[in-house]
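Data first, discussion second: the structure below is written as structure tokens.
One-based numbering, in listed order, for ligands and for the atoms of each.
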Amino acid sequence: MRSAVRPAARRRAAALEQYHLRAAHYDAELAAFEPLRAEAVALLALQPGERVLDVGCGTGLSFELLERGVGGRGEVVGIEQSPDMLQLARERVAAHGWRNVTLVAAPAEEARVHGKMDAAMFHFTHDVLRAPRALDNVLGHLKPGARVVAVGLQWAPPWAWPANLFVALAALYSISAFEGLGRPWDLLARRLQHFQLHTTLLGGIYVASGVAR
Ligand SMILES: C[S@@+](CC[C@H](N)C(=O)[O-])C[C@H]1O[C@@H](n2cnc3c(N)ncnc32)[C@H](O)[C@@H]1O
């Protein structure tokens with residue numbers, strides 16, 4: 001019997017193709033989700049001088065808020081595997097003249113970051129959250145007690161069918177496999193302390209937070 005889970009290499013190739021096609025109009029598509037981004041960054045409770053990881057940073061839409069949190073003495077480290085998305089992130093960093101944003105061009109499974117981080121954000125990064133190797137690698141770069149926040153799509157309860165229609169369409173467009181869409185955060189929850197979860201959009205979007213061990 002064939003496994004329902006696609007091998008990692010095929011999933012990665014699918015994700016790279018997805019974001020190759022999407023990169024140019026990605027920022028406009030995400031406009032409606034900006035309040036969630038602000039909520040996620042607020043939950044990170046960043047302090048001046050801290051170092052924060054933006055995992056699957058895409059075009060760098062979170063950088064401005066993260067920069068505001070850590071200030072000029074802090075650092076924002078974006079990890080991104082799609083060359084197309086990363087190029088736009090690079091252009092954003094250059095346009096703002098941010099000198100304390102480091103971009104790591106690598107899958108989250110393999111990314112290497114200098115030193116330990118104070119916080120990490122996973123904003124609409126389902127594929128990363130469903131990859132145990134990626135989670136272990138990213139969380140291994142955090143200080144004990146570092147704050148972690150994840151936001152993304154999940155299946156809503158069956159009665160909330162309009163939300164599930166939205167989740168299905170958005171997922172088709174943005175993730176490489178539907179595996180784990182019922183509880184996208186469960187692998188992360190097992191690896192954190194003080195895990196908390198709430199949902200919005202009739203249950204179709206989760207906001208999860210916790211603290212690194
Ligand atoms: C929906 S976008 C979210 C981008 C950004 N976090 C935001 O909120 O705008 C998902 C991003 O995760 C990246 N991604 C997916 N799998 C990844 C992996 N294994 N390692 C690093 N980046 C990954 C994709 O290339 C894409 O840029």
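Closest to atom 16 (N) of ligand 1, if we only count protein heavy atoms, is Gln81 NE2, 3.4 Å. With respect to atom 11 (C) of ligand 1, the closest heavy atom belonging to the protein is Gly56 O, 3.7 Å. In terms of protein heavy-atom proximity, atom 20 (N) of ligand 1 is nearest to Ala108 N, 2.8 Å. Nearest non-hydrogen protein atom to atom 10 (C) of ligand 1 is Phe124 O, 3.3 Å.
The two residues Thr125 and Gly56 come nearest to each other via the heavy atoms CG2-O, 3.8 Å.
Comparing Arg133, Glu80, Met85 by heavy-atom distance to atom 24 (C) of ligand 1, the nearest is Glu80.
The one candidate from Arg37, His123, Glu34 that meets the side chain to side chain donor-acceptor pair (under 3.5 Å) condition with Ser62 is Arg37.
Residue contacts with ligand 1: Tyr26 is included, with a non-hydrogen atom under 4.0 Å away. Under a 4.0 Å heavy-atom criterion, Arg12 is not in contact with ligand 1. Contact analysis leaves Ala131 out of contact with ligand 1, as no non-hydrogen atom separation drops below 4.0 angstrom. Contact annotation: Ser62 has no heavy atom less than 4.0 Å from any atom of ligand 1.
The aromatic rings of Phe63 and Trp98 lie perpendicular to each other, with more than 60° between the two planes, well past the 30° mark.
For the pair Glu109 (side chain) and Asn137 (backbone), a donor-acceptor distance under 3.5 Å is absent.
A donor-acceptor contact closer than 3.5 angstrom is absent between the side chains of Ser176 and Gln18.
Only the backbone of Cys57 comes within 4.0 Å of ligand 1, counting heavy atoms alone; no side-chain atom from C-beta on gets that close.
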